[in-house]
Amino acid sequence: FNKEALARIMLMENLNLTAGIKELSVTKTGALRIDWTNDHQSHYEAEWLKQRAFTEEAKHKRHSTYRLPKRQWSSDHKIAKLDYSFVLEKDEGLLQLLIELEITGAVLLQNTPSDPTAAFNICNKVAKVKYTHYGELSNVIVVPNPNNVAFTGAALNLHNDIVQYHDMPGMIFLHMIKQHTGEGGETTLSDGLYAAEQMREIHPELFHLLTTTPVYFWDIGEADPADNTRVKDFYKISKEPTIKLDISGAVTHIRFNNQIRDSFLDLAVDQVDDFYKALKTYFELIHANSIGFKMTDGDMTVVDNVRCQHGRTGFTGPSSPRHLVTTYLAWDEALCKRRRLQQKCSRNQ
Ligand SMILES: [Fe+2]
């Protein structure tokens, strides 16, 4: 074991599966010493062993460092609000943001400066932004020849972003620099996890279909040739189920995006009707349990993109000044920062 690298240096081919314990003893410092039948010797500190005990308590403790428990919500949910400067300038603020995102999947940051890179400042405190072929940030504005329906005034149904990537972004920052002044342009949010669990309970066969039916998502297009921050042309295809479960059956990823769901179906023809019924049922659940609010200039909604869906109501006018900036961050980076900040903040207490 390399104590500096905190990693095993023993090669797997040298793992001896038949060595047994020759002698057990306790050292002067209270550590356990094991002499093995192959002449290898091990020392284990008592606390180290206790943390790794095969007890439910020890397992639970490790799991709570790994992930915080999620709290599901429905249409009566009040989104948590935090001040942008508090999050950017104070460890406690950033920690509150990351914990709330892990537990409920959505936070509204207020008093954000009108700089399109405002989300970068937060992402840079965590790690780095997650790059996609739309660049490190995407200006969602109405443009004459849109390569994505987001760049129009059309209503957008609740959806998860960038599902055409297998490695879809974990978190999305929706920064409202300039809101549409007329009717429309409201943000809708739904806890896709709540809807998935409702579906598992009420419609188990349809839930099973969504967890086992692979769906193609695709995105093909070209960026403005003058824009050097983006990939010039792209042709992404992903193939994943709408609801992805881990080995314990817990929901880990939700991919619901009807705008870029591909028209190729990798199904038997007699499964098509049930598949659409399952998709529609899931949509009705997220829609019925969603919340809606109109962001004002300087608001930034941060959403767990592999759990919650976001959308917007439509707005009219070919020249709306509405200007929203989207930026992404990977969950691995956010979880890593949450653990480090928890260590740091508990040391300072
Ligand atoms: Fe979106």
With no hydrogens and no angle check, just 3.5 Å: does a side-chain donor-acceptor pair link Asp161 and His159? yes

Any side-chain donor near an acceptor of the partner, Trp73 and Thr104, under 3.5 Å: no

Joining Ile, Leu, Val, Met, Phe, Trp and Tyr whenever any side-chain heavy atoms lie under 4.5 Å apart, the cluster holding Val231 also takes in Tyr131

Taking Arg312 for its side chain and Ala154 for its backbone only, find out whether a donor-acceptor pair lies under 3.5 Å. yes

Please indicate whether Glu205 has more than 12 foreign heavy atoms, meaning atoms of other residues, nucleotides or ligands, lying under 6.0 Å from its CD. yes

So does Tyr66 have more than 12 non-hydrogen atoms from other groups sitting under 6.0 Å from OH? no

Whether the Asn16 and Trp36 side chains hold a donor-acceptor pair (N or O, under 3.5 Å, no angle test) is what I'd like checked. no

In this structure, are over 12 heavy atoms from other groups packed under 6.0 Å from Asp273 atom CG? no

Does Thr37 reach the main-chain N or O of Gly20 with its side chain, forming a donor-acceptor pair under 3.5 Å? yes

Give the cluster check for Met10 versus Leu17: same hydrophobic cluster or not, with ILVMFWY residues linked at side-chain heavy-atom distances below 4.5 Å. yes

Checking Arg230 now: which residues fulfil salt bridge (Lys or Arg N to Asp or Glu O under 4.0 Å) with it, not counting sequence neighbours? Asp227

Between the side chains of Asp219 and Tyr235, is a donor N or O closer than 3.5 angstrom to an acceptor N or O? no

Which pairs of donor and acceptor atoms, one on a side chain in residues 47-55, lie under 3.5 Å apart (sequence neighbours left out)?
residue : atom : partner : partner atom : Å
Arg52   : NH1  : Trp48   : O            : 3.2
Thr55   : OG1  : Ala58   : N            : 3.1

Does the Asn289 side chain pair with the main chain of Leu285, one donor and one acceptor, at a distance under 3.5 Å? yes

Are any side-chain N or O atoms of Tyr84 and backbone N or O atoms of Ala118, one a donor and one an acceptor, separated by less than 3.5 Å? yes

Give the C-alpha distance, both sets of side-chain angles, the deciding distance and a yes or no for salt bridge (charged side-chain N to carboxylate O under 4.0 Å, His left out) between Asp299 and Lys294. CA-CA 9 Å; Asp299 280 352; Lys294 189 158 183 171; over 6 Å; no

Do any N or O atoms from the side chain of Ser138 and from the backbone of Val140 form a donor-acceptor pair under 3.5 angstrom? no

Which other residues end up in the same hydrophobic cluster as Ile9, if Ile, Leu, Val, Met, Phe, Trp and Tyr are linked when side-chain heavy atoms come under 4.5 Å apart? none

Might you confirm whether atom CD of Gln41 has over 12 heavy atoms from other residues, nucleotides or ligands at distances under 6.0 Å? yes

If you define the side chain from C-beta out and look only at heavy atoms, does anything of Glu136 sit under 4.5 Å from Thr229? no

Run the numbers on His203 and Thr281 for side-chain hydrogen bond (donor to acceptor under 3.5 Å, both in side chains), then give the verdict. CA-CA 9 Å; His203 308 286; Thr281 303; 5.4 Å; no

Using the ring-ring contact (aromatic ring centres under 6.0 Å, His included) rule, collect all pairs that involve residues 246-288, keeping only residues at least two apart or in two chains. Phe256-Tyr282, Phe283-His287

What do you reckon, is CZ of Arg339 surrounded by more than 12 foreign heavy atoms closer than 6.0 Å? yes

Counting neighbours of NZ on Lys277 that are heavy atoms of other residues, nucleotides or ligands and sit closer than 6.0 Å, is the number greater than 12? no

Answer yes or no: does atom NE2 of His166 have more than 12 heavy-atom neighbours from other residues, nucleotides or ligands under 6.0 Å? yes

Main-chain N/O of Asp167 paired with Lys130 side-chain donor or acceptor, under 3.5 Å: yes

Flag the pair Ile172 / Val302 as yes when at least one side-chain heavy-atom distance between them is below 4.5 Å, and no otherwise. no

Which donor-acceptor pairs under 3.5 Å do side chains of residues 86-94 form with protein atoms, sequence neighbours excluded?
residue : atom : partner : partner atom : Å
Asp91   : OD2  : Lys344  : NZ           : 2.7

Asp246 side chain to Ala250 backbone, donor-acceptor under 3.5 Å: yes

